[in-house]
Each structure stands twice: as C-alpha cells, then as structure tokens.
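Notes for the one structure printed next.
These numbers were taken from a predicted model, which means no experiment stands behind them.
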Amino acid sequence: MEKMVKDSDSCITRLLFCGPNFPPSNKYTREYLQNYPFIQVDDSSSEEVPDIIANYDMCIVKSVQLDSNIISRANKMKLIMQFGVGLEGVDIDAATKCGIKVARIASGETGNAASCAEMAIYLMLGLLRKQKEMQISLEQKIVGEPIGDTLLGKTVFIMGFGNIGIHLAKRLRPFGVRILATRRSWASQPLNSGQSNGFPAPNDSADELVDEKGSHEAIYDFASCADIVVCCLLLNSETAGIIDKKFISSMKKGGLLVNIARGGLMDYEAVASHLESGHLGGLGTDVTWTEPFDLDDQILKFQNVIVTPHVAGVTEHSYRTMAKVVGDVALQLHAGAPLTGIEFVN
C-alpha cells in the first residue's frame, strides 16, 4: 500500500465519519491510517454533516440519514460507504445522479457475520435461560430459580439466509436444533461466506446446514412451527415492517423472536401487543425502532425482553478488519487506484 501512495501524497484525501454512534469505527480507522498523513480522518455530530460534507472525498454514513438534499451538497464526494452492511439510510438514487459511488463491506469476509451470528445465539440463550429473572433471583438471594430451557430439540427459523444466516446455522448445528431457513433465491449465491484472518469458511451445502428450505412466501408456514425465529434480513422497502401482526400471529404461541438486523423490520405495535397478550414468548433484539432506545419504553417492562445497544457486529476482530478495509479504500481513492474489498450497490 505504501508503494501505491508514495507518489500521491501531495494533496489530502478527507474521510468523514458521520455521527456519534459506533465510535470504535472512527478510532480503529484512524489508528490504521496513522502513518499516512495525507489521509485526514474526521468525525462529526449528525447535525454538522449537512454543513461540512462538501469538504470531504469519502464518508462513512453509520446511522446518519443521507438524503438527496445532503448528498447534493457533497461536491467533492466520490464514495459513500457503510462501516458494515446496512445502507438503508442512504438515498442511493440521489448519489448515483450525483456521480457518487455507494458501497458496503461484505459481512462474510470481515468477521461481522460471525459476530452477529454469535450475538443471535447469545440472545436465544438469554431468553431461554430467562436472563432478567436470573438477575432478580440474584438480587433476592434465591437459589435454584428460575427454571430455564435448552436450545436442544428446538426448531429455529432463520429468516434471511445470507452470510449471517449461514454462520448462524453452522454454529447452531452442535446444539441439536432443527433449522428452517428462507431466502428469495437459493440459486443466486453459493453458500460459502469464507472468512479471512483465521475464520474457517463454512463450505457446507444448504442441504447440510438446513433441514428445510423455503422461499420468502414460506415465512408464515415456517414461523408457525418454529420455537425461535431469528431475523437476519436487510432493511429495504420490501422488508420494512415485515414482522407485523400477521407474522407474529402466525408464530407458535410462546415462540421467541430474535432480531440482529434492523429495528425497522419489526412493527412496534404488533410486537408490543403480542408481548402483552403472551402470544410472543420473548423478544431478544440488538436493534430497535429508534436508536438510542428510550429506557422508559413500555417494551422494557417485560421480563422476557432483552435489548442490546446495536453491538452484534461490534467486536474487536470485525472492527479491526473493517477499519483496514476502509483505510485501504481511502488509500486507493487517494492514489486513483481501483477500489477493492467492498461491494458497490450502484
């Protein structure tokens, strides 16, 4: 990489991290680029982005909404990236019209998918073993309660069998579960989300990882016979609010819902009402409808709800790896070289 940029350091390439959330992304990228003074890494509040975006060649969107108005101000911008996968906050059409490329970092090659899969299992186990009630027993000095449940023998429905779903299925197999999975097309992508940096590549075929496969139309049938539903979908116009009253009503009574994707996939009123009625046996979610989540929200009153602060992919391994991807892309951009290691969406 030094050879690539040695003749290109006469100017500064400016990289902006938008908004205050996920601060390790800024920190690790800045550390990776510390020996390249011609790459300037800045971060800003969400409110500052519209006023300063014109000064930058590249930005990491994080949780900030980049609409057509903001994008139109980005006169120098060549690349909008996500520090991860989700690009629902970016007006991709507006960026395309402005000649700006938009890209994500593929989760299967950074440890992000593995990290999210592990978080899904954490949330499953937390609900099955009644994490909140265990804390109450500790506080009340009660020994031997609550009685929990096991993953052993459960049926798990993975809704959205992409990189995260593949890693999740591979890790669930040793627990002795039955796995159902849906994706829009089983022929569109080989089931190989190979990992670098020591992570094994899950080369298993779909038939080996999944007991029953289905298309998107099967989600209600699969939900009706699953003990646990895990949502791994991308958020877009087709999937927003997909976990609604109809879907949750189709779930087995007492079934558990785990979401490691996006809060906007869940209809708030549907989730709240089905928790209240007891039809939904528990909610474990790393993502919420608004972030940060209101600690006074009624959903947190339920003992069978676990909420974590959007940290499924926030691990040392995945963030160091993604920081390297962002840093390398910034160096490539500075040198006028082809941009590699990212997935373009326009």
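In this structure, the side chains of K101 and L339 stay at 4.5 Å or more apart for every pair of heavy atoms. L256 has its side chain out of reach of M124: every pair of non-hydrogen atoms, C-beta onward, lies at least 4.5 Å apart. With contacts defined as side-chain heavy-atom distances shorter than 4.5 Å, the pair S46/P20 qualifies. In this structure the side chain of S215 never reaches within 4.5 angstrom of the side chain of T182, judged on heavy atoms. The shortest distance between side-chain heavy atoms of D297 and L295 does not fall below 4.5 Å. Put simply, the side chain of M134 reaches to within 4.5 Å of the side chain of P146, judged on heavy atoms. Under the 4.5 Å side-chain criterion, counting only non-hydrogen atoms from C-beta, C232 is in contact with V230. Taking 4.5 Å as the limit, every side-chain heavy atom of I306 sits out of range of all side-chain heavy atoms of T285.
Remark: A117 engages H167, L168, R171 in a side-chain contact (heavy atoms from CB on, under 4.5 Å) (not counting sequence neighbours). Evaluation of the ring pair (Phe, Tyr, Trp, His ring centres under 6.0 Å) rule for F157 yields F222 as partners, not counting sequence neighbours.
A cation-pi arrangement is present between R320 and Y28 under the rule of less than 6.0 angstrom and at most 45 degrees off the ring axis. Stacking of K62 on the aromatic ring of F22 is not recorded, the 6.0 Å distance cut-off and the 45° axial limit not both being met.
The closest donor-acceptor contact from the side chain of H274 to the backbone of E269 lies at 3.5 Å or more, if one exists at all. K132 contributes a side-chain N or O that, together with a main-chain N or O of F302, makes up a donor-acceptor pair within less than 3.5 Å. With hydrogens and angles ignored, the 3.5 Å screen pairs no side-chain donor or acceptor of R104 with any backbone N or O of E343. Judged by distance alone, with hydrogens and angles left aside, the side-chain atoms of D43 form no donor-acceptor pair with the main-chain N or O of N26 at under 3.5 Å. Side-chain N or O atoms of D91 include one that pairs as donor or acceptor with a backbone N or O of A94 at under 3.5 Å. Side-chain atoms of R129 do not come within 3.5 Å of backbone N or O of Q131 as any donor-acceptor pair.
For the pair R14 and D57, the salt-bridge criterion is not met [side-chain N within less than 4.0 Å of a carboxylate O]. The pair E238-R184 meets the salt-bridge criterion, with a side-chain N (NZ, NE, NH1 or NH2) lying under 4.0 Å from an Asp/Glu carboxylate O. Classification of K324 and D328 as a salt-bridged pair holds, one side-chain N sitting under 4.0 Å from a carboxylate O. In this structure, R173 does not pair ionically with E208, as no charged nitrogen and carboxylate oxygen lie closer than 4.0 Å.
The environment of NZ in K97 is sparse: at most 12 heavy-atom neighbours from other residues, nucleotides or ligands sit within 6.0 Å. No more than 12 heavy-atom neighbours from other residues, nucleotides or ligands sit within 6.0 angstrom of OH on Y122. Environment of CD1 in I147: sparse, with no more than 12 heavy atoms of neighbouring residues, nucleotides or ligands closer than 6.0 Å.
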Side-chain donor-acceptor pairs under 3.5 Å in residues 286-293, sequence neighbours left out?
residue: D286; atom: OD1; partner: T308; partner atom: OG1; Å: 2.6
residue: D286; atom: OD1; partner: H310; partner atom: N; Å: 3.1
residue: D286; atom: OD1; partner: V311; partner atom: N; Å: 2.8
residue: D286; atom: OD2; partner: V311; partner atom: N; Å: 3.0
residue: D286; atom: OD2; partner: A312; partner atom: N; Å: 2.8
residue: T288; atom: OG1; partner: T290; partner atom: O; Å: 2.8
residue: W289; atom: NE1; partner: M266; partner atom: O; Å: 2.7
residue: E291; atom: OE1; partner: H310; partner atom: ND1; Å: 2.8
residue: E291; atom: OE2; partner: T288; partner atom: N; Å: 3.2
residue: E291; atom: OE2; partner: H310; partner atom: ND1; Å: 3.2

Listed pairs under 3.5 Å, donor-acceptor, residues 241-248 side chains, sequence neighbours left out:
residue: D244; atom: OD1; partner: K246; partner atom: N; Å: 3.3
residue: D244; atom: OD1; partner: F247; partner atom: N; Å: 2.9

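Between A181 and W186, the shortest heavy-atom distance links the atoms O-CZ2, 3.4 Å. Considering every non-hydrogen atom in both Y32 and A323, the closest pair reads CD2-O, 4.1 Å. Scanning all heavy atoms of the two residues, the minimum distance from C225 to L180 falls at SG-CD1, 3.8 Å.
When the side chains of ILVMFWY residues are joined at heavy-atom separations under 4.5 Å, either directly or via intervening members, I299 and L280 end up in a single hydrophobic cluster. Clustering ILVMFWY residues whenever any of their side-chain heavy atoms sit less than 4.5 angstrom apart, transitively, puts L283 in the very cluster that holds L235. Residue I164 is grouped with residue V314 when hydrophobic side chains (ILVMFWY) are merged at heavy-atom distances under 4.5 angstrom, including chains of intermediate members. Under the 4.5 Å side-chain contact rule for hydrophobic residues, Y220 and I228 do not share a cluster. Cluster annotation: V229 is connected to L275 through the hydrophobic network of ILVMFWY side chains, with a link wherever side-chain heavy atoms come within less than 4.5 Å.
Less than 6.0 angstrom separates the ring centroid of Y319 from the ring centroid of F83.
Remark: K130 NZ to I136 CD1 distance equals 11.5 Å, nearest 0.5 Å. Between the CD atom of Q82 and the CD1 atom of I105 there is a distance of 8.0 Å, given to the nearest 0.5 Å. Considering CG of N21 and CZ of F17, their distance stands at 13.5 Å, rounded to 0.5 Å. Atom NE2 of residue H216 and atom OG1 of residue T239 lie 8.5 Å apart, to the nearest 0.5 angstrom. In this structure, NE2 in H317 is found 7.0 Å from OG in S115, a value given to the nearest 0.5 Å. For the atom pair CG of L209 and NZ of K170, the computed distance is 6.5 Å after rounding to the nearest 0.5 Å.
Among pairs with a residue in residues 140-156, those fulfilling side-chain hydrogen bond (donor to acceptor under 3.5 Å, both in side chains) read D149-K154, at least two apart in sequence or across chains.
Neither side chain, T13 nor Q40, offers a donor N or O lying under 3.5 Å from an acceptor on the other. Looking only at atom types and distance, the side chain of T321 has no donor-acceptor partner in the side chain of S318 under 3.5 Å away.
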Intermediate values then yes/no, side chain to side chain contact (heavy atoms under 4.5 Å, CB included), R30 and Q34: CA-CA 6 Å; R30 191 173 283 112; Q34 62 186 336; over 6 Å; no

Intermediate values then yes/no, side chain to side chain contact (heavy atoms under 4.5 Å, CB included), D211 and R178: CA-CA 6 Å; D211 295 290; R178 181 168 181 260; 3.6 Å; yes

Evaluation steps, side chain to side chain donor-acceptor pair (under 3.5 Å), between E276 and S273: CA-CA 5 Å; E276 189 70 54; S273 64; over 6 Å; no

Verdict with supporting geometry, L127 and V258, side chain to side chain contact (heavy atoms under 4.5 Å, CB included): CA-CA 9 Å; L127 292 173; V258 170; 4.2 Å; yes

Side chain to side chain contact (heavy atoms under 4.5 Å, CB included) assessment of L172 paired with I121: CA-CA 8 Å; L172 281 174; I121 293 173; 4.1 Å; yes

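Members clustered with V102: L16, V49, I52, I53, Y56, V61, V64, L66, I70, I71, M77, I80, L87, V90, I92, I100, V345, by chain and number, using a 4.5 Å side-chain heavy-atom cutoff among hydrophobic residues.
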